[in-house]
Amino acid sequence: MFRNLNPAQQRAVMHTKGPLLVVAGAGSGKTRVITYRIAKLINEEGVKPYNILALTFTNKASMEMKQRIESLLGQKSLDILVSTFHSACLRILRRDIEKIGYSNRFVIYDSLDQIALIKHCLDEIGSPKEDHSVKSIANGISLLKTSLREPMTKDSLEFSNRQDDIVNKILPIYQKHLKNNNALDFDDILILTVKLLLSNQDLLAYYQNRFHYILVDEYQDTNYLQYKFVYLLAKAHQNICVVGDEDQSIYGWRGANIDNILNFEKSFKNALVIKLEENYRSTRNILDASNNVIRKNKQRKGKTLFTKNKRGNKIIYYRAFSEIEEGDFISRTVKSLCEKAKATYKDIAVFYRTNAQSRVIEDSLRKSGIAYQIIGGLKFYDRKEIKDIIAYCRFVVNSDDSISFNRIIKTNMHGIGKVTMDKINNFAMENNLSPCQAIRKIIEQEKFSGSAMKKLKKLNDLLNKLRKFAEENRVSEFISFIQLETGYIDKLLRENSFEARNRIENLKELVTAAKCFDENNLNSTVNGFLDVTSLASDIDDFDEKQGAVALMTLHSSKGLEFPMVFIAGMEDKIFPHVRSFYNEDEMEEERRLCYVGMTRAKNRLFLLNAVRRKIYGTDQENPSSQFLNDIPDEFMENVSPRKQQVPKTWKREFPARKGKNPAGKKVNHPFFGDGIILKKEGTKEDETLVIFFKRAGKKTLKTKYANLKIL
DNA sequence: GACCATTTATTTTTT
DNA sequence: ATAAATGGTC
């Protein structure tokens, strides 16, 4: 059975007892090792499938793993729990969250709900919103929560009491509101699970005993909480196998902790480390070029992949004049690949650094009549119309959920506006009531004047009607009922625009998804459906069987492979992204991202960029990506229209004139916009400028990198 | 409360 | 360029 494994893979499969770290390079047969190892546990060691837990990050990865295991083991495999971290934790919480003082009817707030809640918090403390970007606060909150260490052992979540920054100030208020709304954000799902296990030894023992063998995929992307969760479960039996590759860690900005994999041997004593360094995916040219790129990083355990595959074609480098021409090159090449290299659309993928880049490429593909499929971007469950309907669902399940209630009001279908809404919210806050209780009270006491009262009563009746219907019908029927009964569909029909019709299609799709859920779950509940929708993402249903070129960000490409890959926008400031230039760790992460992108390609790789490109409406000229400089000529062929000089370093459009004080000069920065120089510090290489930007405020920048234009 | 004009902020985002 | 959020008027 294990003949078709190489020696390293065999060792990984055979080591079934005790901690094991498999450092699996790109395309080194990682999935094969995982599935064979599970097969060995069950077929040869007599381990019950029920005692095995396999953790992944995405639903797609877990579905794929399920399929691979099933094709190897058949029926037996169905009892293995193959799940994402979040859905595994969610199961645990739904069962036992009451043990730590929460109701198990909690709802899950996604990133958009989180933003709405943070805005509410900012209002509450009277902090002017323009001082801070809500998104960056959300990011800060998540980073703080996922790296949280001590508070989990305490009774309440206590966070750093430093009041000097907005994140620390907002966090306790934010947590208070989550609790009041009986809602958890994504991070809470992990935090509270760990907290639950820490505070209930019996429960912990139960799960330790249940999951005697644990396997974690993409271990390099775990954050502190996920590490803690795995550590707790595996602590007793130590049968923990993690698979990962530090060179493919690209979610550091979301709190993924690369140290988890770098320090695995410290966390689990006597761990065996096996490196899988033979690549079965890419041609030698592609692999060698990728190795040259990743070699520059310092934060590595260090490994060099090799392959017995043939050398293959050289990587193609094309420097276009504009982003439009870059797109046209892709279209042209896709066509010729399909004609000459007998490729089909589904063999081809285009990666880019930011979602905004996809539009130009789409335009070009569409013009050329090439079918394409975009992965990522606006998620299905993030669409306005979907969120609106889901808000009704949530509120029916959990009437403490003020975010959903606010959303229902904002659908503008109940004739209740900002004034009435504020009154309700204030009344609720003053009397410490949930919005639902507040309405009931207001109606009882006839608190408002005629028309507002009437509308409120009507809304209350509607909500009661929905509640009743939900109890007596299946989820899909309920979703359909909401769409009709609230007048949501009617309103869209009346609009009669292209956009409205599109929204109606999406709402139908939602009903279909619910039907699917009903069919798969005999006792389907609204709450169960909400859990699925909360944890769903778009890459989950990416189907490579469709005959279409796949377009996605480099981040989304992780874990996938394609015979032919284009990476567009390989320019400094685009990729590596401008925000990484001031931080070495972030620059290393960009480099890993480049490595991930390149190693997706099996046969052909095309690296593209443009001399000029329109960004946010203005033209920008960027030198080609510094990562390209690390690919030796022997692996890459330049087919650009004209030999073009590729500046090795950034153009210094603002040379520091000797002795002259630049203070007071007006300058323009490509990212921060217009500003005025306040003062100069340091000299030569270390020279920095303190600049006040109209939009971005005071910034300190290195002259060398800032790429300023004098105005 | 609806509508239009103005302002603002735009990395990546497995869950 | 562009979409979303905010602000002002009717």
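These numbers were taken from a predicted model, which means no experiment stands behind them. Per chain, numbering begins at 1; letters A, B, ... match sequence-line order.
Following rounding to the nearest Å, A/Gln114 (CD) and B/dT13 (P) show an atom-to-atom distance of 16 Å. Rounded to whole angstrom, the span from the NZ atom of A/Lys410 across to the P atom of C/dA5 amounts to 9 Å. Between the OH atom of A/Tyr219 and the C1' atom of B/dT14 there is a distance of 17 Å, given to the nearest Å. Following rounding to the nearest Å, A/Tyr352 (OH) and B/dT11 (C1') show an atom-to-atom distance of 13 Å. When the C1' atom of B/dT12 is taken as reference, atom CZ of A/Phe575 falls 10 Å away, rounded to whole Å. When rounded to the nearest whole Å, the span between CZ of A/Phe380 and C1' of B/dT14 equals 19 Å. B/dT10 atom P lies 16 Å from atom CD of A/Gln620, rounded to whole Å. A/Lys60 places its NZ atom 11 Å from the P atom of B/dT15, with the value rounded to the nearest Å.
In this structure A/Lys387 satisfies the salt bridge (charged side-chain N to carboxylate O under 4.0 Å, His left out) test together with A/Asp110, A/Asp113, sequence neighbours excluded. In this structure A/Lys384 satisfies the salt bridge (charged side-chain N to carboxylate O under 4.0 Å, His left out) test together with A/Asp388, sequence neighbours excluded.
In this structure, A/Trp253 counts as stacked on the base of B/dT12 under the 5.5 Å centre distance and 30° plane angle limits. Judged by centroid separation below 5.5 Å and plane tilt below 30°, A/His577 stacks onto the base of B/dT11.
Summarising the geometry of A/Asn297 relative to A/Arg592, their closest heavy-atom pair is ND2-CG, 3.5 Å, with the distance given to 0.1 Å. Considering all non-hydrogen atoms of both residues, A/Asp187 and A/Ser142 come closest at OD2-OG, 2.8 Å. Residues A/Asn260 and A/Tyr224 share a closest heavy-atom pair of ND2-N, 4.3 Å.
Looking at heavy-atom distances under 4.0 Å, A/Phe85 makes no contact with the nucleic acid at all. Note on A/Asn139: nothing from the nucleic acid sits closer than 4.0 angstrom, heavy atoms only.
The aromatic rings of A/Phe57 and A/Phe85 lie tilted to each other, with the angle between the two planes from 30° to 60°. Note on ring orientation: taking the six-membered ring where Trp is involved, the planes of A/Trp253 and A/His555 are perpendicular (angle over 60°, cut-offs 30° and 60°).
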Identify all side-chain donor-acceptor contacts of residues 90-97 of chain A below 3.5 Å with residues at least two apart in sequence or on another chain.
unit_1: A/Arg94; atom_1: NE; unit_2: A/Asp531; atom_2: OD2; d: 2.8
unit_1: A/Arg94; atom_1: NH1; unit_2: A/Asn104; atom_2: O; d: 2.8
unit_1: A/Arg94; atom_1: NH1; unit_2: A/Phe106; atom_2: O; d: 3.1
unit_1: A/Arg94; atom_1: NH2; unit_2: A/Phe106; atom_2: O; d: 3.0
unit_1: A/Arg94; atom_1: NH2; unit_2: A/Asn527; atom_2: OD1; d: 3.2
unit_1: A/Arg94; atom_1: NH2; unit_2: A/Asp531; atom_2: OD1; d: 2.7
unit_1: A/Arg94; atom_1: NH2; unit_2: A/Asp531; atom_2: OD2; d: 3.4
unit_1: A/Asp96; atom_1: OD1; unit_2: A/Lys99; atom_2: NZ; d: 2.8

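Counting only distance, with no hydrogens or angles, the side chain of A/Arg383 and the backbone of A/Arg503 share no donor-acceptor pair below 3.5 Å.
Among B/dT14, C/dA5, B/dT12, the nucleotide with an atom closest to any side-chain atom of A/Tyr251 is B/dT14. Of the listed nucleotides (B/dT15, B/dT14, B/dT12), B/dT14 has the atom at the smallest distance from the side chain of A/Lys558. Closest to the side chain of A/Arg579, from the set B/dT11, B/dT13, B/dT14, is B/dT11.
Stem list for DNA chain B (at least 3 consecutive Watson-Crick or G-U pairs, distances under 3.5 Å): B:1-10 with C:1-10.
Along DNA chain B, the nucleotide closest to A/His86 and the one closest to A/Lys455 are compared, and the more 5′ of them pairs with A/Lys455.
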Polar atom pairs (N or O), protein with nucleotides 1-4 of chain C, under 3.5 Å:
unit_1: C/dT2; atom_1: OP1; unit_2: A/Arg359; atom_2: NH1; d: 2.5
unit_1: C/dT2; atom_1: OP1; unit_2: A/Arg359; atom_2: NH2; d: 3.1

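Note on residues 252-261 of chain A: no pairs pass salt bridge (Lys or Arg N to Asp or Glu O under 4.0 Å), not counting sequence neighbours.
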